[in-house]
Amino acid sequence: MTNHLTDTVPPPPHGYDALDRLMSLMTGDEKHGPAATSTLDALWVLYDRVLRISPATVHSPARDRFLLSKGHGPMAYYAVLAARGFFDEELLTGFGSYDSPLGHHPDRMLVPGAEIGSGSLGHGLPLAVGSVLGLRAQGLTEPRVWVLTGDAELDEGSNHEAIAYAGPAGLGQLHTVVIDNASATYARPGGIAARFEAAGWSALTVDGRDHEALYAAFTAPHPGRPHAVVARVAPKR
């Protein structure tokens, strides 16, 4: 097993245009549709152009790690994983059923490519901090850790503890995508990005549906600092 990955991955079996169809295969109650679709574009850009991970490298120590903290709305995540070839799209039709590996919250033991079991709000960012520290302890300084969270999750104090720690600790491997669909209960002076910047993070705010803007923000240099991208979106209906 190699400890080195390149930025190139095999082409996906499906492109972005297939995502609406793949999403439509998942039916039933408790879909959290708006929560899921608000993440779709950010997830696609990450898996299509940024993350150094593929179905062939899911067990490589050198892979990038992606943590879906916004795990109560995993439909877009499942659609993107299927589009990238992590599992067969036929699994999508069983979403949420008793014997399906694709539950209403992702299970890392059942979903190929999933790094954590998630859905309980506020856990992803602290887990991402721990993942970076764990990689550092193993001497793995190249793999990047990405976590996607929602703006309402930032109402949870555990996230602010993680934000406050990661900046001064200089966790440059850590990247956070905050999907801002105006669902948070508490406003933050100066906006979400200002909260991260006050703790020593690099932070950018972009249109969460603009793929080129997302890519530019995801790949912006941030030497020695963790990086946050606030993606503002209006949920698709």
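Fair warning: this is a prediction, and the values are worked out from it, not measured in the lab. FYI, the numbering just counts along the sequence from 1. Computed from heavy atoms alone, side chains included, the values below leave out hydrogens, waters and symmetry copies.
- Checked options F87, F95, F86, F66; the residue passing with Y77 is F66 (criterion: ring pair (Phe, Tyr, Trp, His ring centres under 6.0 Å)).
- One N or O on the side chain of W201 and one on the backbone of I163 form a donor-acceptor pair closer than 3.5 Å.
- R108 places none of its side-chain heavy atoms less than 4.5 Å from the side chain of E115.
- Under a cutoff of 6.0 Å and an axis angle of 45°, R84 and Y47 do not form a cation-pi pair.
- Panel note: side chain S97, backbone G94; a donor-acceptor pair is recorded below 3.5 Å.
- Contact of the W44 side chain with the L19 side chain is registered, since non-hydrogen atoms from C-beta on lie closer than 4.5 Å.
- The closest side-chain heavy-atom distance from L140 to P61 is below 4.5 Å.
- When each of E156, H123, E153 is tested with S69 by the rule side-chain hydrogen bond (donor to acceptor under 3.5 Å, both in side chains), just one qualifies, namely E153.
- When each of L81, T27, L25 is paired with L92, the side chain to side chain contact (heavy atoms under 4.5 Å, CB included) condition holds for L25 and for no other.
- In this structure, T57 contributes its side chain and I53 its backbone to no donor-acceptor pair below 3.5 Å.
- Listed for the T149 side chain is no donor-acceptor partner under 3.5 Å among the backbone atoms of V178.
- Side-chain atoms of H160 and R195 include a donor-acceptor pair closer than 3.5 Å.
- Taking a cutoff of 4.0 Å between a charged side-chain nitrogen and a carboxylate oxygen, E212 and R49 qualify as a salt bridge.
- Between F196 and H227, the ring center distance fails the sub-6.0 Å criterion.
- Side chain of R65 to main chain of A128: no donor-acceptor pair is present (N/O by atom type, distance under 3.5 Å, no hydrogens or angles).
- In this model, a donor atom of one side chain and an acceptor atom of the other lie less than 3.5 Å apart for H14 and E89.
- Under a 3.5 Å cut-off, the side chain of Y16 and the backbone N or O of V45 do not form any donor-acceptor pair.
- For D151 (side chain) and A182 (main-chain N/O), a donor-acceptor pair under 3.5 Å exists by modelled atom type.
- Looking only at side-chain heavy atoms (C-beta outward), D41 and L214 come within less than 4.5 Å of each other.
- Remark: the backbone N or O of R52 is paired with a side-chain donor or acceptor of D64 at under 3.5 angstrom.
- A salt bridge is defined here as a Lys NZ or Arg NE, NH1 or NH2 lying under 4.0 Å from an Asp or Glu carboxylate O, and E142 with R63 fails to meet this definition.
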